[in-house]
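First the proteins, then the strands, lettered A, B, ... as listed; each starts at 1. Remember, predicted model here, so these are calculated numbers, not experimental data.
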2 protein chains.
Amino acid sequence: MASVALRKAAKEAAAERLILERFLPYRLSILSNRISRAIAARYAKTFDLTIPEWRIIAVLGRRPGLTARQVAKATEMDKVAVSRAVAKLVAAKRVSADVHDADARAQSLTLTAQGEALHARIAPIALESERRLLAALSAGERAKFDALIDRLLDAAREL
Amino acid sequence: MASVALRKAAKEAAAERLILERFLPYRLSILSNRISRAIAARYAKTFDLTIPEWRIIAVLGRRPGLTARQVAKATEMDKVAVSRAVAKLVAAKRVSADVHDADARAQSLTLTAQGEALHARIAPIALESERRLLAALSAGERAKFDALIDRLLDAAREL
DNA sequence: CCGATTTAGTTTCATTTGAAACCAATGGCA
DNA sequence: TGCCATTGGTTTCAAATGAAACTAAATCGG
């Protein structure tokens, strides 16, 4: 009875219902928000630093001299967000922006001494938060999780 | 030589540097954003629906009659966001808000026929996106990943 | 039963965010 | 060389978001 089989297949497809609390995109969004909030709460007011600003500090800490464009790419922020955050960081003398050697439009961004100091203070806090979070997993699980995230990051790019 | 050992320990601690691209909170944020964007892109303009609105539709689809407060809890959105999204959904006749039996302040939210139809159209799209994403993992990996996310969600609540 | 407190939801206002328009310097290339 | 398309970055304007104040109904204590 083909029609019966079809009916059954249709029913099963419908049965695969969307349950928000089990829906991965939703779950990841919640997880990411909880973590970001918790960490930001630990430095935002104390240091008057937003998340985008912190990301820029973090990336410049390791790779000084990047241009805004490169920072945008490295942090996956759009250029407007970078422009604004950099403006604030420069105003606060945490980052210096010098005209780029090869291209007068571009600017070479570097942490100032103050920026470095800030980085040195916040990095341990951030790492400690990560450590606390990951304490919920065993070392093996952490590695596995990390690898899975990498694969999903790739897969998500294709979506 | 204790001092040598100490120096070495200090160095190693410092060596555990913060590398943004490896920093879990950052990676999760990127992953979550990529996924949400990709999925939203598939329904946002077509159906004129924002992510908060979609979440409300999703939760009401499975649990009709919730109050705004309950929706807020179920979706982890704050009540202002729920209030606004519900207002839009009601205006669009996708959701009906009736005075709650037991409490005249509260409203009992339900999908209208239009809302149901919308849910029926979008749920498969959402599930298909999730399926496509998770195709990058084996069944076993998916299960493992899911379980790890659950544990991290718990851990993140404590942060 | 009356006032004080709490709770459901909305509104207001200030800030953040994003898209698109914009300006200025660059890199072809005719 | 001089024009045109491109690229780096900023600005503008509208929409999204969040915190706090607010309205109205419900509950609690006496």
Side-chain angles (χ1 to χ4, degrees), chain A residues 29-30 32-34 36-38 40-41 43-45 48-56 59-60 63 65-92 95-110, chain B residues 29-30 32-34 36-41 43-45 47-56 59-60 63 65-92 95-110:
Chain A
S29 165
I30 300 299
S32 171
N33 284 343
R34 279 193 196 161
S36 296
R37 267 169 206 277
Y43 63 71
K45 344 167 219 64
D48 181 32
L49 197 67
T50 65
I51 291 181
E53 284 165 37
W54 157 239
R55 285 189 180 170
I56 293 173
V59 80
L60 289 181
R63 302 162 61 191
L66 292 186
T67 65
R69 186 85 210 84
Q70 292 171 320
V71 166
K73 185 161 192 206
T75 57
E76 299 218 6
M77 316 190 337
D78 74 68
K79 62 181 186 166
V80 176
V82 172
S83 172
R84 287 197 261 242
V86 165
K88 263 194 68 189
L89 290 170
V90 168
V95 164
S96 72
D98 308 301
V99 178
H100 194 274
D101 295 339
D103 185 339
R105 290 168 306 180
Q107 40 190 215
S108 163
L109 302 168
T110 342
Chain B
S29 165
I30 299 299
S32 171
N33 284 343
R34 279 191 196 164
S36 296
R37 267 169 206 273
I39 298 183
Y43 63 71
K45 347 166 218 62
F47 302 109
D48 182 31
L49 197 69
T50 64
I51 290 181
E53 284 164 37
W54 158 241
R55 283 188 182 171
I56 292 175
V59 81
L60 290 180
R63 303 164 60 190
L66 293 186
T67 66
R69 187 86 209 84
Q70 292 171 319
V71 166
K73 184 159 193 207
T75 57
E76 300 218 5
M77 312 185 347
D78 73 69
K79 63 181 186 166
V80 176
V82 171
S83 171
R84 287 198 262 240
V86 165
K88 262 193 71 190
L89 289 170
V90 168
V95 164
S96 72
D98 309 300
V99 178
H100 193 274
D101 295 339
D103 185 339
R105 290 167 307 177
Q107 41 190 215
S108 162
L109 301 168
T110 342

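- Between W54(A) and L89(A) the shortest side-chain heavy-atom distance does not fall below 4.5 Å.
- Rounded to a whole Å, the CG atom of L66(A) is 16 Å from the C1' atom of dG9(D).
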- Query: What string of B, S and - do you get for nucleotides 1-13 of chain C, 5' to 3', when a contact is any protein heavy atom under 4.0 Å?
  - Reply: ------BSBBBB-
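- In this structure, the NZ atom of K73(A) is 13 Å from the P atom of dT7(D), given to the nearest Å.
- Every residue two or more places apart in sequence or in another chain that forms a side chain to side chain donor-acceptor pair (under 3.5 Å) with K88(B) is listed here: E53(B).
- Listed by first and then second residue, the side-chain hydrogen bond (donor to acceptor under 3.5 Å, both in side chains) pairs that reach into residues 78-87 of chain A come to none, sequence neighbours excluded.
- Remark: S32(A) engages S36(A), L28(B), S29(B), S32(B) in a side chain to side chain contact (heavy atoms under 4.5 Å, CB included) (not counting sequence neighbours).
- As rounded to whole Å, 14 Å separates atom C1' of dA16(D) from atom CZ of R37(B).
- The nearest whole Å value for the distance from the NZ atom in K88(B) to the C1' atom in dA15(D) is 10 Å.
- Take A74(A) and apply the side chain to side chain contact (heavy atoms under 4.5 Å, CB included) test, not counting sequence neighbours, and it matches V59(A), R63(A).
- Regarding E76(B), its CD atom lies at a distance of 16 Å from the P atom of dT17(D), rounded to whole Å.
- The salt bridge (Lys or Arg N to Asp or Glu O under 4.0 Å) search around R34(B) returns E76(A), not counting sequence neighbours.
- M77(A) places its CE atom 12 Å from the P atom of dT10(D), with the value rounded to the nearest Å.
- Overall bending of the helix from dC1(C)-dG30(D) to dA30(C)-dT1(D), expressed as the angle between end axes built from five pairs apiece, is 10° (10° steps).
- With sequence neighbours left out, A97(B) forms a side chain to side chain contact (heavy atoms under 4.5 Å, CB included) with V90(B), Q107(B), L109(B).
- The two residues L66(A) and V71(A) make their nearest non-hydrogen contact at CB-CG2, 3.9 Å.
- Rounded to a whole Å, the CG atom of D78(B) is 12 Å from the C1' atom of dA16(D).
- Identified under the salt bridge (Lys or Arg N to Asp or Glu O under 4.0 Å) test for residues 98-110 of chain B, with sequence neighbours left out: D103(B)-R105(B).
- Side chain of A104(A), nearest nucleotide from dG18(C), dA25(C), dG18(D): dA25(C).
- Between K45(A) atom NZ and dG18(D) atom P there is a gap of 17 Å when expressed in whole angstrom units.
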